[in-house]
Amino acid sequence: MKLSARDLAAACTMDAEEAATEATVEVRLLATSKETDEASGLFAGVWSSSVAGPMPAELCRALAHSGNYVAGAFRGELLVGAIVGFSGHSPERDYLHSHIAAVSPDVRGQSVGFALKLHQRAWAATAGLRYVEWTFDPLVRANAHFNLTKLRVTPVTYHRNFYGRRNDGVNDGSDSDRLLVVWDVADGIQNPLGSSASVGASRSRVAGATLLSSSPDGRPQFEHVASDADRLLVAVPDDILGLRIDQPELALAWREAVRAAFEQAIDGAFRLSSFTADGYYVLERSIVGGHDLVSGSPGTTHG
Ligand SMILES: CC(C)(COP(=O)(O)OP(=O)(O)OC[C@H]1O[C@@H](n2cnc3c(N)ncnc32)[C@H](O)[C@@H]1OP(=O)(O)O)[C@@H](O)C(=O)NCCC(=O)NCCS
């Protein structure tokens, strides 16, 4: 059923409120400099590269003041998560570019991140924006699950070294390859007038030809794949952030391997479709060739 923009915004808002209730948080726009200071501090705690962190307090405040999207999740008076996005434009459309999101480490896995993203989606829909875009590091298994399985975003493009080489406490010394994903705010709305549990379906292991696996000692290992394989599986390490601290050379080996696997698959006209519960990207052979992860997806020209 095609919803009017107004009904879509109302349905997204209901989903967001339900998600916040389930996560026992209140998600709201950050209105004061005290709140944006706290959000900036939360980001700095997660990305520990510099005192200012990745979202300096002044920038956070200016984005909020200028009508961009700056929100936080509160438990009582305590800020436990924050998220920032700003206007994006392409020749095809306007969209919300979600630049950064983080949840305090001690409350992760309690669906606070999910509540933040659903609030962001409702804000975009209310603002008349149909799409929200963002990038994430494909090596971070938790984020692959969060984005592809829980939020069910659509992958658009694999970008080599999107930000250049990073030394920000999370990406130390590594090329910043990123997956660009897009979220159609109308996706996942199954029951437009009631609550929707449609977002967040899980995917179990699927059969396919393993192109990249993890060896018994945790190293990336390419495997032979038959030329007529229709589905490829590409592994990521269990904990790339830990490897970057403890075994930086192995972390770099994973960066090179996952990049090579994705680029080989994309050149072979495979498209990323999902992420399995046991840590593999699933890429399906497409009948249309090309260099985008999803042919025909809105936003394939970004980049
Ligand atoms: C990404 C982030 C915002 C998610 O916040 P959150 O509150 O933990 O999110 P949720 O609880 O809604 O969902 C997290 C999901 O990841 C899963 N998860 C956590 N660690 C995982 C791992 N190592 N492998 C696979 N899944 C994992 C959780 O089980 C949960 O999924 P489920 O509800 O299906 O079980 C948070 O992890 C974070 O702040 N990370 C650091 C900053 C960052 O990387 N931001 C970029 C976001 S793209």
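Just so you know, ligand 1 is whichever comes first in the structure, and atom 1 is the first atom listed for that ligand. Index from 1, following the sequence.
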Exactly one of Arg255, Arg259, Arg160 clears salt bridge (Lys or Arg N to Asp or Glu O under 4.0 Å) with Asp175, and that residue is Arg259

Ligand 1 N/O within reach of [X] N/O, cut-off under 3.5 Å:
{"X": "Phe136", "value": "no"}
{"X": "Ser111", "value": "yes"}
{"X": "Thr135", "value": "no"}
{"X": "Gly109", "value": "yes"}
{"X": "Ala102", "value": "no"}

What are the atoms of ligand 1, with element, lying closer than 4.0 Å to any heavy atom of [X]?
{"X": "His145", "value": "15 (C), 16 (O), 17 (C), 25 (C), 26 (N), 31 (O), 32 (P), 34 (O)"}
{"X": "Ala101", "value": "42 (C), 43 (C), 45 (N), 46 (C)"}
{"X": "Phe114", "value": "12 (O)"}
{"X": "Gly113", "value": "5 (O), 6 (P), 7 (O), 9 (O), 12 (O)"}
{"X": "Val112", "value": "7 (O)"}

Does this structure show an ion pair linking Arg75 with Asp106, if we count only N-O contacts that are shorter than 4.0 Å? no

Charged N to carboxylate O under 4.0 angstrom, Arg141 versus Asp239? no

When you check the side-chain N and O atoms of His119 and Tyr69, is any donor under 3.5 Å from an acceptor?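 Yes, a side-chain donor-acceptor pair sits under 3.5 Å.
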
Going by atom types alone, do Glu22 and Ser111 pair a side-chain donor with an acceptor below 3.5 Å?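 Not at all, the side chains of Glu22 and Ser111 share no donor-acceptor pair under 3.5 Å.
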
Which heavy atom of Pro220 sits nearest to which heavy atom of Leu212, and what is that distance?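 The answer is CB-CD1, 4.0 Å.
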
How close do Val156 and Val182 get, counting heavy atoms only, and between which atoms? CG2-CG1, 3.5 Å

Minimum distance, heavy atoms only, to [atom]: which one of [options] is it?
{"atom": "atom 39 (O) of ligand 1", "options": "Val103, Asp278, Thr149, Val181", "answer": "Val103"}
{"atom": "atom 23 (N) of ligand 1", "options": "Ala144, Ala142, Ala277", "answer": "Ala142"}
{"atom": "atom 37 (O) of ligand 1", "options": "Arg108, Lys150, Gln110", "answer": "Arg108"}

Classify the ring geometry of Phe43 against Trp47: parallel below 30°, tilted from 30° to 60°, perpendicular beyond 60°. tilted

For [X], which part has a heavy atom under 4.0 Å from ligand 1: side chain, backbone, both, or neither?
{"X": "Asn147", "answer": "side chain"}
{"X": "Phe275", "answer": "neither"}
{"X": "Phe146", "answer": "side chain"}

Between Arg178 and Tyr163, is NZ or CZ placed under 6.0 angstrom from the six-membered ring centre and within 45° of the ring axis? no

Is the side chain of Ser273 donor-acceptor paired with the backbone N or O of Val282 at a distance under 3.5 Å, no angle test?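 Looks like yes, one N/O pair under 3.5 Å.
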
